[in-house]
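What follows is a set of notes on a single structure, which appears directly below.
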Amino acid sequence: MADYKEILSGLVGKAKEFAASDTVTGLVDKVKSAAEESGVAKVYEDGAARTKAYAKIAKLTLEANSAHEELNRVYAEIGKLYYEQCKDAPEGYFAPLFAQAQALRGGIEEKEAAVQALKDGLGAGKADPAEDVEIADFEQIVDATESDGKNE
């Protein structure tokens, strides 16, 4: 066992010497210069710069879209407040818009009332056992289906 440890220690020492030698340093320098001469390093740098630019574009676009949404919410709030304050006596070109808003509100109220009436009707139907539909035994349904298929 001690022999293996000595062999491994010797190999590690030689690897460290080789890594620190001028041969390895020279080889690394040659690879770097070859990459620079072939333009690979330039292409990599250009690609990295473009990637950063696209990331910045995406971030700024998201921030701008968020600001647009917030601006639209502010405009909607301004309009809602103005409508609430002036709905009884609209002036100028606001009059037809206020009439349109009132008509839309009326339509919404009618639809909500119809939905509530349907819900109430469904709730009442569940409580009435006379409207329950009797379903035949599963085996009878299967048998009837099998016999219908044989006739064709």
Side-chain angles (χ1 to χ4, degrees), residues 1 4-138 141-142 145 149:
M1 185 67 127
Y4 292 119
K5 288 182 181 179
E6 289 177 17
I7 293 172
L8 286 175
S9 297
L11 287 174
V12 168
K14 287 182 182 181
K16 287 180 181 179
E17 288 175 17
F18 180 72
S21 71
D22 290 335
T23 306
V24 173
T25 306
L27 184 59
V28 169
D29 290 340
K30 285 181 183 178
V31 169
K32 283 182 181 177
S33 66
E36 289 172 359
E37 288 175 9
S38 68
V40 172
K42 175 81 169 119
V43 169
Y44 174 78
E45 290 172 7
D46 290 347
R50 292 182 78 171
T51 301
K52 288 179 183 177
Y54 283 125
K56 185 74 171 182
I57 289 169
K59 180 181 176 193
L60 291 173
T61 301
L62 286 174
E63 290 173 357
N65 288 342
S66 177
H68 279 292
E69 289 177 13
E70 184 64 24
L71 181 62
N72 287 336
R73 282 192 289 270
V74 169
Y75 284 155
E77 189 64 26
I78 291 169
K80 183 178 178 182
L81 289 172
Y82 183 76
Y83 175 78
E84 292 298 323
Q85 290 177 356
C86 302
K87 66 182 172 184
D88 295 329
E91 299 175 0
Y93 59 91
F94 288 109
L97 292 174
F98 279 33
Q100 184 180 7
Q102 190 61 32
L104 288 170
R105 281 183 153 199
I108 290 170
E109 290 171 0
E110 288 175 9
K111 287 177 178 59
E112 288 175 346
V115 166
Q116 188 59 45
L118 288 171
K119 284 181 179 180
D120 292 344
L122 290 175
K126 288 182 181 177
D128 188 9
E131 292 182 14
D132 286 341
V133 177
E134 291 186 28
I135 298 177
D137 185 46
F138 179 74
I141 294 171
V142 171
T145 306

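Residues forming a ring pair (Phe, Tyr, Trp, His ring centres under 6.0 Å) with Phe94 (at least two apart in sequence, or on another chain): Tyr82. The side chain to side chain donor-acceptor pair (under 3.5 Å) search around Tyr44 returns none, not counting sequence neighbours. Taking the side-chain contact (heavy atoms from CB on, under 4.5 Å) definition, one finds that Glu69 meets it with Arg73, sequence neighbours left out. Partners of Gln116 by side chain to side chain donor-acceptor pair (under 3.5 Å), not counting sequence neighbours, listed by chain and number: Asp120.
Scanning both residues, Ala95 and Pro90, for their nearest heavy atoms gives CA-CB, 3.7 Å.
Sorted by first then second residue, the salt bridge (Lys or Arg N to Asp or Glu O under 4.0 Å) pairs that include residues 78-94, not counting sequence neighbours, are Glu84-Lys87, Glu84-Arg105. Residue pairs that meet the salt bridge (Lys or Arg N to Asp or Glu O under 4.0 Å) test with at least one member in residues 47-58, sequence neighbours left out, do not exist here.
Formation of a donor-acceptor pair under 3.5 Å by the Thr61 side chain with backbone atoms of Ile57 is found in this model.
Atom CD of Gln100 has 12 or fewer heavy atoms from other residues, nucleotides or ligands within 6.0 Å.
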